[in-house]
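Quick caveat: nothing in here was measured; it's all calculated off a predicted structure.
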Amino acid sequence: MQVLQNYGWPGNVRELRNFIERAVIITRGRALQIELPGTPGAVRQQIRTLDQAQKEHILKTLKLTDWRVRGKNGAAEVLALKPTTLESKMAKLGIKRPRR
């Protein structure tokens, strides 16, 4: 909170409002994560590798399809991939079905 209060906010209240709205949107979890513009690591923390983004997207899709890869309404169909392609990507990214 002190860091937010000490920052100059060149755009005044509108910049602060936009900053907080963006932080709320991109924060994961319950605690608001912020990186003020110009601070080290602000950009680096927001950028993921393509593999990280792909893994996250595939995992979300698998959870939505109850880990069904093939068939009607399976993850491969939802992602518009051949089932063998999805299985190959899952192996490459280290995605395994969790045990129940």
Side-chain angles (χ1 to χ4, degrees):
M1 192 60 140
Q2 191 63 43
V3 173
L4 288 172
Q5 290 175 342
N6 291 339
Y7 186 72
W9 300 108
N12 211 339
V13 175
R14 275 183 253 138
E15 182 183 0
L16 173 59
R17 184 189 70 216
N18 291 338
F19 179 81
I20 297 296
E21 285 176 359
R22 184 174 186 283
V24 168
I25 291 168
I26 64 172
T27 293
R28 296 175 189 191
R30 302 190 83 187
L32 188 63
Q33 301 294 314
I34 61 165
E35 285 287 338
L36 291 172
T39 60
V43 174
R44 195 177 324 109
Q45 286 184 350
Q46 297 169 7
I47 297 175
R48 299 178 311 224
T49 66
L50 183 57
D51 280 349
Q52 289 169 330
Q54 204 170 40
K55 183 175 183 175
E56 184 178 310
H57 187 63
I58 290 171
L59 282 168
K60 284 181 184 177
T61 305
L62 286 166
K63 287 175 187 172
L64 287 172
T65 61
D66 199 29
W67 285 84
R68 181 180 180 140
V69 174
R70 298 172 168 268
K72 182 112 172 106
N73 298 320
E77 182 180 276
V78 171
L79 294 168
L81 295 171
K82 292 182 181 179
T84 53
T85 302
L86 177 56
E87 288 166 344
S88 172
K89 287 183 181 292
M90 288 171 61
K92 177 188 172 214
L93 298 169
I95 299 173
K96 296 179 183 176
R97 183 182 183 136
R99 295 182 181 205
R100 292 186 182 221

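In terms of heavy atoms, W67 sits closest to M90 at CZ3-CE, 4.3 Å. Minimum interatomic distance between G74 and T65 (heavy atoms only, all atoms of both residues): C-CG2, 4.0 Å. Between T61 and L79 the shortest heavy-atom distance is OG1-CD2, 3.5 Å. P83 approaches A76 most closely through the heavy-atom pair CA-CB, 3.7 Å.
For N18, the side chain to side chain contact (heavy atoms under 4.5 Å, CB included) partners are E21, not counting sequence neighbours. With sequence neighbours excluded, the residues forming a side-chain hydrogen bond (donor to acceptor under 3.5 Å, both in side chains) with D66 are R100, listed by chain and number. Under the side chain to side chain contact (heavy atoms under 4.5 Å, CB included) criterion, T85 pairs with L81, K82, K89, sequence neighbours left out. Evaluation of the side-chain hydrogen bond (donor to acceptor under 3.5 Å, both in side chains) rule for K60 yields E56 as partners, not counting sequence neighbours. Residues that satisfy the side chain to side chain contact (heavy atoms under 4.5 Å, CB included) test with L93, not counting sequence neighbours, are D51, Q54, K55, I58, I95. Residues satisfying the salt bridge (Lys or Arg N to Asp or Glu O under 4.0 Å) test with R70, not counting sequence neighbours, are E87.
Once rounded to the nearest 0.5 Å, the distance linking CG of L64 with CG of L59 reads 11.0 Å.
Surrounding CZ of R97 are more than 12 heavy atoms belonging to other residues, nucleotides or ligands, all under 6.0 Å away.
The backbone N or O of T84 sits nowhere less than 3.5 Å from a side-chain atom of S88 that would complete a donor-acceptor pair.
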Could you walk me through whether N73 and V78 pass the side chain to side chain contact (heavy atoms under 4.5 Å, CB included) test, one step at a time?
-> CA-CA 6 Å; N73 298 320; V78 171; 5.5 Å; no

